[in-house]
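In what follows, every chain begins at residue 1, and chains take the letters A, B, ... in the order their sequences are listed. All values reported here derive from a predicted model rather than from experimental measurement.
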There are 2 protein chains.
Amino acid sequence: MLDLLALLGAPDIQTESESERDVPLRRLPPRTALFHEGAAADAIYVVRAGTFKCCRTDADGGEQVLGFARRGDVLGYAAVGLGRYTSSAFALEAASVGVVPLADLFNRLRSRPALDRALHQALSLQQAGFEELAGVRAAVPAEARLARFLLHWAQRMAMSGHSLRQIKLTVNRRDIGRLLGIAPETVSRAFAALSVRGCIAVKGRMLDMLDTDGLHVIARFRAGNARPAPDRSWATPRSFAGLNA
Amino acid sequence: MLDLLALLGAPDIQTESESERDVPLRRLPPRTALFHEGAAADAIYVVRAGTFKCCRTDADGGEQVLGFARRGDVLGYAAVGLGRYTSSAFALEAASVGVVPLADLFNRLRSRPALDRALHQALSLQQAGFEELAGVRAAVPAEARLARFLLHWAQRMAMSGHSLRQIKLTVNRRDIGRLLGIAPETVSRAFAALSVRGCIAVKGRMLDMLDTDGLHVIARFRAGNARPAPDRSWATPRSFAGLNA
DNA sequence: CGAGCACTTGACGCAGGTCAACTTTGGTGG
DNA sequence: CCACCAAAGTTGACCTGCGTCAAGTGCTCG
């Protein structure tokens, strides 16, 4: 059993008895599915440990990676409205999740406002993360996408108390490529390019973040020519004549 | 004032008095901002009419389009956890939204379970849509991305009771490009290509969906060569004069 | 300890980004 | 109502980043 409120990052309030806050735990071996795209949904999940890959089958039959989930992330929420999972979730390493059955989800939320609030907070933050992820797929050179991804990943690892310097990537090159929208060979070359610049050091899936500032510069590269984008925090060519502070 | 439950697509239950279900309305002229990225958040919104463009400033200073919102969509939800908007929302045409102040959001949700439930349902569906949007940015040729986008858009229009055949795009080419991760010129060329194949007819922002099945075929094109991906019962590598010329 | 998968590196061609010129649309004022 | 202008869209030419194919090396796990 598992304290859901703590997992969702709620402040440590004590309005509910211990047993009321707990949910059953489910453990997964590496490389197994938590749920499959299209399957009838019976529960949503909150990650307690491990890394998950969220993906869906693309229109062309390929695998589209939507993102990676870590401690505190909610999985399968899209099934609340549809009753079916719209994407699959795979454990990349040994993992465990808290299980919240859909059947009594709303009863639970109604009878425990603190849980409802914690869920909303977590979902909100997750959406913010999702929006940020859209940036790594923007129309920028592969090297910039990888730099953005690494910064994003490092930041999330840091939130789980991990070292900022030494990071173990639990993800293979192919999946990184499928997240960034580039071929795995290009991922390799981009890793090499970042190494040459001295921003990182890579050996297999072990990663050293040597120069975060340098990565931020590269993350600003624009398509076409590899030059850092001009600082245009002032601009905004007057379309949308909203009062831009 | 505005019936929030109906707007969120909740079944027409009558557990609450009329006045309890209503929220203030806000109207927006075309090309004005509902809120700006980074601004302190005081409310979330539910679209009643019009089309919104959701975007954020990319790391390189460019504008990244995250998606387009229509009736029933929730805007600004990412601010629930952060207190600040993580993206901007612009009305592309005259629009109106229901306003739900953040200050008493949780009180409201606690005292009105039906509203909480409706919100969860809507958010869940929205996440499903967001995941589907990731498909249009996948590593596939521009023509396939546009085909996917048009199918996605048409389906959403259909849900608002619109015609499936004749569609008015409220979005300009630049913004479509920024959503799909391709240059506006390429959007133009992709429109032209789909026209030549006879799948659509375009004149400015008026769009005719002539051959939905054909669009689905093109949506399966893979990167590199322009061939339909898995199902190769009728392989024709280069120029098939169109199913509907 | 071996086999298969993950990763790296090189060569080559093309889809699409950039630049540029032109046409059309829509909005505004005379 | 039409002349005018700026923004939006289209089309063409050129060139480069990266996808594909291919061959080789190193891990990981069984």
Under the rule for side chain to side chain donor-acceptor pair (under 3.5 Å), what residues qualify as partners of [X], not counting sequence neighbours?
X: A/Ser195; value: none
X: B/Glu185; value: none
X: B/Arg71; value: none

Give me each pair satisfying salt bridge (charged side-chain N to carboxylate O under 4.0 Å, His left out) with a member in [range], each pair once, sequence neighbours excluded.
range: residues 134-153 of chain B; result: A/Asp58-B/Arg148, B/Glu143-B/Arg197
range: residues 207-218 of chain A; result: none
range: residues 155-172 of chain A; result: A/Asp73-A/Arg156

Specify whether B/Trp153 and B/Phe68 have parallel, tilted or perpendicular ring planes, treating 30° as the upper limit for parallel and 60° as the lower limit for perpendicular.
perpendicular
Whole-Å distance separating the [atom1] atom of [X] from the [atom2] atom of [N]:
X: B/Arg31; N: C/dG26; atom1: CZ; atom2: C1'; value: 10 Å
X: B/Phe221; N: C/dA15; atom1: CZ; atom2: P; value: 12 Å
X: B/Lys168; N: D/dA8; atom1: NZ; atom2: P; value: 14 Å
X: B/Ile182; N: D/dC18; atom1: CD1; atom2: P; value: 16 Å
X: A/Met206; N: D/dT28; atom1: CE; atom2: C1'; value: 16 Å
X: A/Ile176; N: D/dC18; atom1: CD1; atom2: P; value: 16 Å
X: B/Arg222; N: C/dC14; atom1: CZ; atom2: C1'; value: 18 Å
X: A/Leu180; N: D/dC18; atom1: CG; atom2: P; value: 12 Å

Roughly what angle, to 10°, lies between the helix axis at the start of the helix from C/dC1-D/dG30 to C/dG30-D/dC1 and the one at its end, five pairs per end?
60°
Could I get the full list of salt bridge (charged side-chain N to carboxylate O under 4.0 Å, His left out) partners for A/Glu63, not counting sequence neighbours?
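Residues passing salt bridge (charged side-chain N to carboxylate O under 4.0 Å, His left out) with A/Glu63: A/Lys53, A/Arg178.
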Which atom pairs link the protein and nucleotides 2-9 of chain C when you take only N or O atoms and keep those under 3.5 Å?
unit_1: C/dA6; atom_1: OP2; unit_2: A/Arg174; atom_2: NH2; d: 3.1
unit_1: C/dA6; atom_1: O3'; unit_2: A/Arg205; atom_2: NH2; d: 3.4
unit_1: C/dC7; atom_1: OP1; unit_2: A/Arg205; atom_2: NE; d: 3.0
unit_1: C/dC7; atom_1: OP1; unit_2: A/Arg205; atom_2: NH2; d: 3.3
unit_1: C/dC7; atom_1: OP2; unit_2: A/Arg173; atom_2: N; d: 2.8
unit_1: C/dT8; atom_1: OP1; unit_2: A/Arg173; atom_2: NH2; d: 3.3
unit_1: C/dT8; atom_1: OP2; unit_2: A/Arg173; atom_2: NE; d: 3.0
unit_1: C/dT8; atom_1: OP2; unit_2: A/Ser188; atom_2: OG; d: 2.2
unit_1: C/dT8; atom_1: O5'; unit_2: A/Ser188; atom_2: OG; d: 3.2

I want to check one thing: is the phosphate of D/dG26, taken as OP1 and OP2, less than 4.0 Å away from some side-chain N or O of A/Lys203?
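Looking at the OP1 and OP2 atoms of D/dG26, neither is under 4.0 Å from any side-chain N or O of A/Lys203.
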Heavy-atom neighbours of B/Arg174 CZ exceed 12 at 6.0 Å
no
